[in-house]
J.: 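Sharing a structure below in structure tokens format, with a few things to ask.
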Amino acid sequence: MFEIVPKDFGNNQQKYRPRHPKFQPCSPLLNSEIVDVGSYIGEEYGTEDDDAQLDQSAAAVRFVLLPGLKCTCDKGNRGEHENGKRDDQRWMEQLDLSQPQIPVRHDVTGHVHQYYKRDSEFPIHKLLLKECGLKYTTLMQKQLAQKIEELPQKPGVYMFKDSRGDLLYVGKANKLKNRVSSYFKRDYNHNRGPRIDLMISQIADLDYTVVSNELEALVLENNFIKNLKPKYNVRMRDDKNYIFLKINIRDEIPTIEYEHQRLDKQAKYFGPYTSSLSIKDTLRLLRRVFPYCANSKVTSKPCFYYHIGKCPGVCFGKITVEEYKNDYINKIIQFLEGKQLEIIADLKKEMKFYATHKQFEKAARVRDQIYALNRVLERQKLVYPSKVDQDVFAMHCESVASINLFIVRQGKLIQKENFILENTRQVPQEEILQSFLEKYYLDATSLPKEILVPFVITPPLIPPLQREGKRTPKITVPVKGERLKLIRLAQMNAKQYLEAQSDKHLLEEARLLASLKELQRVLDLPELPARMECFDISNIQGTNAVGSMVVFDYAHPKKDQYRKFKINRKDTPDDFAMMREMLERRFKHSIKGEERREDKGNAVPFSLPAWPLPNLIIIDGGKGQLNAAIAAISSFQFPIFNKIPIIGLAKRIEEIFRPLQPTPYNLPPNSQALFLLQRIRDEAHRFAVTYHRKLRSKSAVASVLDQITGIGPAKKRKLLQKFGSAAKIRSASITEIAEVVGNRTAEKIKASL
């Protein structure tokens, strides 16, 4: 791949600036056998006079060859014709790919030439041969090389960025300098693949964060990948939707619920679960085997579950909290940790004890628990005759990667989970699995004694496995026996799950496309409504009035393009005027060229990227809202605006109102187009109501103190803690107020109140 980069010839030589405004990478030359660098650059810059263009560009020409290619380089200086005259084409650089001789990783990384005036000498610099190290300037900017030299030998997280500042990759390292430097050493890991080589060719800058240890680096890297979604990082699909079962130990009555994040350090978590259905099934099973209470405090009234026999009565004092913790919560924790056989052994001892002491009701309750638990164990597949604890991982890769996990506890398969990893094209399977295991065990609550994987992963160290006070699991690659059969079964499950997800995705896409085509047909639209925008108003008697705009692209929500509007003109309940104001402000952003805004009374021109126009506008409301929207769009003297199809969707019986048509149109109740319109309308309503509630909550806690300059949240909080209300502050003396906020601020408060 060729790339043109600016060349500085020093203070004593003339500097030339390229005619092209920006240096952009040229297309890769993979099929060419002989390349004329001069003509190639001339074509890229759009000129036929190659030499003239090169003379003016004064650029350094560099090339990056893909891994596995080999090349030889022939220099051709200015030649002479047979009549002795100098050749018009003074030089040519050829890359002969048809006769490979020198491996790329040992060959040159670039050729630097200097171009002077035509009547001057035209020297060609020697080829830059740099076998290793970081200081070869033809592959990276000097500023980047300097940053790499200054990296510390400490644990941390590094982030590679391209020339536009976009994030390419986030990685962790035990020693930042060694890890980052390895990317730019040609004799290091030459089998890393074209994907990483392509990423390296785009690196223009880097940032880094130093942490205390490698585990902290892994946590920070995981957070960056989730939030920033770098281009070249492998990441789990929908990892924010994974669920953890939570036991609130610190509550008076420990409660059981589920959450998406592990935020409470004092609670006990189990998971992660990839399906909400599986965790709900687990909770139902737990309540059947070990009935647990829904209340968090002891009161005088029993909870709902006590009346249906699903609570032991701790909520109103039938049993003590200590009994509840020992007989129920601790056993639930054991159950979730996969220690069912230990639970059964303990329950049998309890039943025998109660029977011996003639406490037959308690013995019968324990007997029922043993029976229910045995029913659960009967459904679990026996994998090993011995009490073996294993996590079994296998994967299947296509456009994305699917990882199947079998959780084996005490020789039985108690749980199966499936994970989808995206952005895995051209990534080695070992790297995918290594990345997944690090992130999985960062959140996993229980560790097995052994981890089975289908192939060797490097490096074998997984920081989250080294937990204080716990034995580090052994990572094994089985080659025969029951372990190998279990790996193959997991691989089959991973493949079937990926195929099922792919089929589900294809069916969903087909359904959405069919709904768009149906919408185009029933509304007689000139083109497929690829981009649809829906607008809604939310207010209470005109107060805190807001508007919302949601965008759907090919029936998928584009949340980064959602917009919310705070209504400024109306403070009375007039939805039509509010709708008109919102539409006028929205379409003002689609006017190309210079726009104008009011800034302290003066019109100030400024340029903004125009918002794309929709293929269909949906108004949440009936004929009145639709007419207000049409009036707003018609106020702009642009013919294209008036050509945008627009409809109103009324909630009462889902009537569709169209311009210039007195009677509404009704779609069939089972219409896919109607389902799509309802989904878009409901999303616009949700977005508007959420913003309205936020403003309403903010105004509800407003105080007269907010209007006094110099009173911020901290001083306001101190004043209210001291006096209790604004009325008491008003009646207090300046001396009393000054004790809290000082004399000058106290005088302002008294003057304002």
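Scope of the values below: all heavy atoms of this structure, side chains included, with no hydrogens, waters or symmetry mates.
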J.: Do any N or O atoms from the side chain of N423 and from the backbone of K231 form a donor-acceptor pair under 3.5 angstrom?
T.: yes
J.: Taking all non-hydrogen atoms of both residues, which atom of Y273 and which atom of F270 are closest, and how far apart?
T.: CE1-O, 3.5 Å
J.: Between R287 (side chain only) and Y292 (backbone N and O only), is there a donor and an acceptor less than 3.5 Å apart?
T.: yes
J.: Less than 4.0 angstrom from a charged side-chain N to a carboxylate O is my criterion; do R531 and E533 meet it?
T.: yes
J.: Would you say that I656 contacts L523 through its side chain, given a criterion of any heavy-atom pair below 4.5 Å between the two side chains?
T.: yes
J.: Give the minimum heavy-atom separation between R195 and R425, together with the two atoms involved.
T.: CD-O, 2.8 Å
J.: Give a yes or no answer on whether the side chain of D536 reaches the backbone of A688 with a donor-acceptor pair at less than 3.5 Å.
T.: no
J.: So do the side chains of I243 and T274 get within less than 4.5 Å of each other, counting heavy atoms only?
T.: no
J.: Could you tell me if the side chain of Y269 sits less than 4.5 Å from the side chain of I247, heavy atoms only?
T.: no
J.: F687 vs Y562, test: ring-ring contact (aromatic ring centres under 6.0 Å, His included). Steps then yes/no.
T.: CA-CA 9 Å; F687 193 52; Y562 285 14; 5.2 Å; yes
J.: Looking only at non-hydrogen atoms, find the nearest pair between A650 and G622 and report the distance.
T.: CB-CA, 4.3 Å
J.: Please walk me through it: do D391 and Y441 pass side chain to side chain donor-acceptor pair (under 3.5 Å)?
T.: CA-CA 11 Å; D391 284 352; Y441 283 111; 2.8 Å; yes
J.: Below 4.5 Å, heavy atoms only, C-beta onward: do L421 and I403 meet side chain to side chain?
T.: yes
J.: Any luck finding a side-chain donor-acceptor pair between K694 and T690 under 3.5 Å?
T.: no
J.: Does the side chain of H685 come under 3.5 Å of the side chain of E683 through a donor N or O and an acceptor N or O?
T.: no
J.: Checking the side chain of D524 only, and the main-chain atoms of Q520 only, is there a donor and an acceptor separated by less than 3.5 Å?
T.: no
J.: L616 and I646: which non-hydrogen atoms are nearest, and at how many Å?
T.: CD1-N, 4.3 Å
J.: Run the ring-centre check on F406 versus F393 and record whether the distance is less than 6.0 Å.
T.: no
J.: Set out, in order, the CA-CA distance, both residues' side-chain angles and the distance that settles side chain to side chain donor-acceptor pair (under 3.5 Å) for D620 and Q625, then state yes or no.
T.: CA-CA 8 Å; D620 184 9; Q625 286 87 347; over 6 Å; no
J.: Tell me, with the steps shown, if N295 and K297 meet side chain to side chain donor-acceptor pair (under 3.5 Å).
T.: CA-CA 6 Å; N295 287 5; K297 294 182 179 180; over 6 Å; no
J.: Can you confirm whether K246 sits close enough to I256 that some side-chain heavy atom of one is under 4.5 Å from a side-chain heavy atom of the other?
T.: no
J.: Tell me whether the guanidinium CZ or amine NZ of K623 lies under 6.0 angstrom from the six-membered ring centre of F657 and within 45° of its axis.
T.: no
J.: Does R658 make a cation-pi contact with Y665 (under 6.0 Å, within 45 degrees of the axis)?
T.: yes
J.: Which is it for N248 and E257 under the side chain to side chain donor-acceptor pair (under 3.5 Å) test, yes or no, and what are the steps along the way?
T.: CA-CA 8 Å; N248 295 306; E257 55 191 13; 3.2 Å; yes
J.: State, without any angle test, whether E508 and H556 hold a side-chain donor-acceptor pair at a distance under 3.5 Å.
T.: no
J.: Thinking salt bridges, do E584 and R580 make one under a 4.0 Å N-O criterion?
T.: yes
J.: When you check the side-chain N and O atoms of E518 and S671, is any donor under 3.5 Å from an acceptor?
T.: yes
J.: If we ignore hydrogens and angles and just use 3.5 Å, is the side chain of D162 paired with the main-chain N or O of G165 as donor and acceptor?
T.: yes
J.: Please check this pair: side chain of E417 against backbone of L405, looking for a donor-acceptor N/O pair closer than 3.5 Å.
T.: no
J.: Tell me whether the rings of F535 and F587 are parallel (<30°), tilted (30 to 60°) or perpendicular (>60°).
T.: tilted
J.: Between the side chain of S590 and the main-chain N/O of A610, is any donor-acceptor distance below 3.5 Å?
T.: no
J.: Is the backbone of G271 close enough, under 3.5 Å, to the side chain of T445 for a donor and an acceptor to pair up by distance?
T.: yes
J.: Given side chains that start at C-beta, do those of R235 and K229 come closer than 4.5 Å, heavy atoms only?
T.: yes
J.: On a heavy-atom basis, which atom in M532 and which in L519 lie closest, and how many Å separate them?
T.: SD-CD2, 3.7 Å
J.: Salt-bridge test for D264 and R250: reply yes if a basic N is under 4.0 Å from a carboxylate O, no otherwise.
T.: yes
J.: Can you name the closest pair of heavy atoms from N418 and N493 and give their distance?
T.: ND2-O, 4.2 Å
J.: Starting from the C-alpha separation in whole Å, work towards a yes-or-no answer on side chain to side chain contact (heavy atoms under 4.5 Å, CB included) for M549 and Q561.
T.: CA-CA 9 Å; M549 178 187 95; Q561 298 183 23; 5.7 Å; no
J.: My understanding is that only residues two or more places apart in sequence, or in another chain, count here; which of them pass side-chain hydrogen bond (donor to acceptor under 3.5 Å, both in side chains) with N223?
T.: none
J.: Check whether any side-chain N or O of E422 sits under 3.5 Å from a backbone N or O of V400 as a donor-acceptor pair, and report yes or no.
T.: no
J.: Both conditions, 6.0 Å and 45 degrees, for the charged tip of R585 above the ring of F565: are they met here?
T.: no
J.: Are the side chain of S502 and the backbone N or O of L498 linked by a donor-acceptor pair below 3.5 Å?
T.: yes
J.: I want to check something: taking the side chain as every heavy atom from C-beta on, are L649 and E654 in contact at a cut-off of under 4.5 Å?
T.: yes
J.: Any side-chain heavy atom of F160 within less than 4.5 Å of one from Y232?
T.: no
J.: Suppose we call two aromatic rings close when their centres sit under 6.0 Å apart. Are F419 and F436 close by that rule?
T.: yes
